[in-house]
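This report refers to the structure that appears directly beneath it.
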There are 2 protein chains.
Amino acid sequence: MRTMRRPGSYVCGIDAAMDVIGGKWKVLILWALHERPHRFGALRRELPGVTEKVLTAQLRELELDGIVNREVHDEVPPRVEYSLTPLGVSLNEALASLGAWGRENILGHVPHH
Amino acid sequence: MRTMRRPGSYVCGIDAAMDVIGGKWKVLILWALHERPHRFGALRRELPGVTEKVLTAQLRELELDGIVNREVHDEVPPRVEYSLTPLGVSLNEALASLGAWGRENILGHVPHH
DNA sequence: CAGAATCCGAAATGATACTG
DNA sequence: CAGTATCATTTCGGATTCTG
């Protein structure tokens, strides 16, 4: 979604939060990282259809928002690991009830996953 | 945000829910209607910066998703009232924890909305 | 491997004017 | 009042190519 915060323009906590998770792939990134840290390529394979550029951009925004942590290991070949920060973990928890709502009301009672 | 559902393409409940509330003004609309039903003009005044066209479009999408109810009163001058459906009420409740997260972590401990 | 750079198209949003 | 119609713009996301 849009790149930059609009500090002070938020009307309530919900639209502030929406600004953080509004990107097309962000909740899926959160969800993947929730299970375990991922390397760039692994993350990419878990998000079918995302391009490198867009994935990079979304990760950068999440990084700026303090949601994901980017750790560069100085090796060859390069290795970069993405993981959730404590803030990211708390965001994921806050998303739980919304996820339940979506499962029950949009997906139509799919078992779970 | 995007207008049409992508049935079956959802990976989890969260991105299904995101598809419903992803429009730029939707959570603000939900929030306004959560307090009381609104007429079109009243809603517009509560969302500074929204244009009639965009507000109409977002309301139509929420209507199609079963979130808001549109009630036309046959009077002159015309009166149209928007309110939350039971599904909309439940969505708002599901958004509560996300809103709390945003208030605490993005807005920076603002007393409340 | 993990990206940066560039070009591009589609979609979402917006401004303005008009209408039943 | 509550929209619709048109036109313009912005923003986002994607394809492709190149690099340390």
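Below, chains carry the letters A, B, ... as their sequence lines are ordered, and counting in each starts from 1. Keep in mind it's a predicted model, so treat the numbers as computed, not measured.
With sequence neighbours excluded, the residues that form a side-chain hydrogen bond (donor to acceptor under 3.5 Å, both in side chains) with B:Arg70 are B:Tyr82. Under the side-chain contact (heavy atoms from CB on, under 4.5 Å) criterion, B:Ala96 pairs with no residue at all, not counting sequence neighbours.
The separation between B:Glu71 atom CD and D:dC1 atom C1' is 16 Å, rounded to whole Å. Spacing between atom NE2 of A:His38 and atom C1' of C:dC1 amounts to 16 Å, rounded to whole angstrom units. What separates CG of B:Leu43 from C1' of D:dC1 is a distance of 14 Å, to the nearest Å. For the pair B:Met18 CE and D:dG13 P, the interatomic distance rounds to 11 Å; values are reported in whole Å. The interatomic distance linking A:Lys24 (NZ) with C:dA10 (P) rounds to 14 Å, in whole Å. The separation between A:Glu61 atom CD and D:dG13 atom C1' is 12 Å, rounded to whole Å. What separates CG of B:Asp74 from P of D:dA2 is a distance of 14 Å, to the nearest Å. For B:Ile29 and C:dT13, the CD1 to P distance is 10 Å, given to the nearest whole Å.
Using a cutoff of 4.0 Å between basic side-chain nitrogens and carboxylate oxygens, A:Glu61 and A:Lys26 are scored as salt-bridged.
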Contacts under 3.5 Å, N or O only, protein and nucleotides 2-5 of chain C:
residue : atom : partner : partner atom : Å
C:dA2   : OP1  : A:Arg39 : NE           : 2.8
C:dA2   : OP1  : A:Arg39 : NH2          : 3.1
C:dA2   : OP2  : A:Gly41 : N            : 2.9
C:dG3   : OP1  : A:Arg70 : NE           : 3.4
C:dG3   : OP1  : A:Arg70 : NH2          : 2.4
C:dG3   : OP2  : A:Tyr82 : OH           : 2.6
C:dG3   : N7   : A:Glu52 : OE1          : 3.2
C:dG3   : O6   : A:Glu52 : OE1          : 3.3
C:dA4   : OP2  : A:Arg60 : NH2          : 3.3

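The heavy-atom pair separating A:Trp101 from B:Ala17 by the smallest distance is CE3-CB, 4.0 Å. Here the closest non-hydrogen pair linking B:Leu84 and B:Leu30 is CD1-O, 4.1 Å.
In this structure, a donor-acceptor pair under 3.5 Å is present between the side chains of A:His38 and A:Glu46.
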